[in-house]
Amino acid sequence: DVKVTQSSRYLVKRTGEKVFLECVQDMDHENMFWYRQDPGLGLRLIYFSYDVKMKEKGDIPEGYSVSREKKERFSLILESASTNQTSMYLCASSPPGGVLNIQYFGAGTRLSVL
Amino acid sequence: AQTVTQSQPEMSVQEAETVTLSCTYDTSESDYYLFWYKQPPSRQMILVIRQEAYKQQNATENRFSVNFQKAAKSFSLKISDSQLGDAAMYFCAYRQGGSEKLVFGKGTKLTVNP
């Protein structure tokens, strides 16, 4: 079974802190994704990585950055956390291309910024 | 840009009954894929069913089936013999052929009543 592991289920941070959300997948997938999930808004893509050190902005990249130094790990960074970044963050991974390109999700990190 | 619309924020069904969740999408592309994902409470999102746009036959996975109406750009999910474990948020998603990214609807919360 594919496993996507997010390092924290719950996280509480203060405004202005630098926050790291970590995601690890064990299926050697090329693609990894960070989403933000808010009630009534569904999932919105923050950043996408299709290879080590490669990244592409999603729909809502403002206030976020990412790092992918190793294939299995994809980190989401909030440079200076703000209260409007309080949300559920989901990581996903997928193999490249075709109908088999199914995204596999982690359990999510619920971040509260106070 | 492609959009996915789920017009029912919440639905409920009696155990053992059938329920249909609606999804429409907007695209000018001919090569694309459609998905239904399920997110149980406090658990990770998993794929329920997928459909390739070039296939006329509706996809089926056990109690889950879709009604894919390409001309109408409609992709509804039918759940037969509903079970308590079907209670979850359901997200419809679109992926353009050649793209790795998913576009999600805002979700439908399904409640199953015993």
Side-chain angles (χ1 to χ4, degrees), chain A residues 1-6 8-10 23-27 29-51 54-61 68 74 88-110, chain B residues 1-10 21-26 31-55 57 59 61 64 66 68 88-110:
Chain A
D1 275 355
V2 175
K3 196 162 185 181
V4 179
T5 303
Q6 294 183 230
S8 304
R9 287 299 303 271
Y10 300 94
C23 176
V24 177
Q25 51 97 0
D26 66 356
M27 279 301 291
H29 285 168
E30 280 78 1
N31 302 320
M32 295 189 76
F33 307 81
W34 275 107
Y35 294 92
R36 174 174 170 159
Q37 182 180 6
D38 298 290
L41 297 179
L43 276 74
R44 294 178 291 168
L45 181 65
I46 304 172
Y47 266 98
F48 157 54
S49 169
Y50 50 92
D51 201 350
M54 307 303 286
K55 62 185 179 185
E56 191 175 304
K57 290 180 180 179
D59 300 317
I60 52 165
R68 193 164 179 203
F74 191 35
M88 171 70 88
Y89 291 89
L90 298 180
C91 175
S93 73
S94 73
V99 69
L100 296 178
N101 183 355
I102 298 167
Q103 290 190 18
Y104 297 87
F105 286 82
T109 296
R110 187 168 294 281
Chain B
Q2 291 84 7
T3 58
V4 176
T5 301
Q6 293 179 247
S7 59
Q8 308 149 317
E10 295 189 25
L21 308 185
S22 301
C23 173
T24 59
Y25 58 95
D26 185 21
D31 177 24
Y32 56 88
Y33 306 89
L34 296 163
F35 306 84
W36 279 99
Y37 278 87
K38 169 186 177 181
Q39 186 182 39
S42 301
R43 293 174 59 189
Q44 64 200 93
M45 184 136 32
I46 57 173
L47 178 71
V48 174
I49 199 165
R50 61 188 170 189
Q51 174 84 41
E52 297 94 310
Y54 61 85
K55 287 190 176 178
Q57 187 172 6
E61 289 285 344
F64 297 87
V66 297
F68 174 46
M89 283 291 292
Y90 286 83
F91 291 96
C92 179
Y94 165 99
R95 180 169 66 83
Q96 182 176 320
S99 171
E100 309 291 348
K101 294 184 279 189
L102 290 174
V103 177
F104 285 89
K106 294 181 178 181
T108 297
K109 182 179 180 181
L110 178 66

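A note on names: the letters A, B, ... follow the listed sequences, proteins ahead of strands, and every chain is numbered from 1.
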Applying side-chain contact (heavy atoms from CB on, under 4.5 Å) between A:Ser93 and each of A:Gln103, A:Gln25, A:Met27, report the one that passes. A:Gln25

Would you mind telling me which of A:Gly58, A:Gly40, A:Ala92, A:Ser94 has the largest number of heavy-atom pairs within less than 4.5 Å of chain B? A:Gly40

Counting heavy-atom pairs under 4.5 Å with chain B, which one of A:Arg44, A:Arg9, A:Gln6 comes out on top? A:Arg9

When the ring planes of B:Tyr33 and B:Phe35 are compared, do they come out parallel, tilted or perpendicular, using 30° and 60° as the limits? tilted

Using 30° and 60° as the class boundaries, would you call the ring planes of A:Phe33 and A:Phe48 parallel, tilted or perpendicular? parallel

Heavy-atom cut-off 4.5 Å, strictly under: side chain, backbone, both or neither for [X] against chain B?
X        : answer
A:Tyr35  : side chain
A:Arg110 : neither
A:Leu45  : side chain

Part of B:Leu47 lying under 4.5 Å from any heavy atom of chain A: side chain

Bottom line for B:Gln39: the part with an atom under 4.5 Å from chain A's heavy atoms is side chain

Report yes if some heavy atom in the side chain of [X] is under 4.5 Å from a heavy atom in the side chain of [Y]; otherwise report no.
X       : Y        : value
A:Glu30 : A:Asp51  : no
B:Tyr25 : B:Val103 : no
B:Leu21 : B:Trp36  : yes

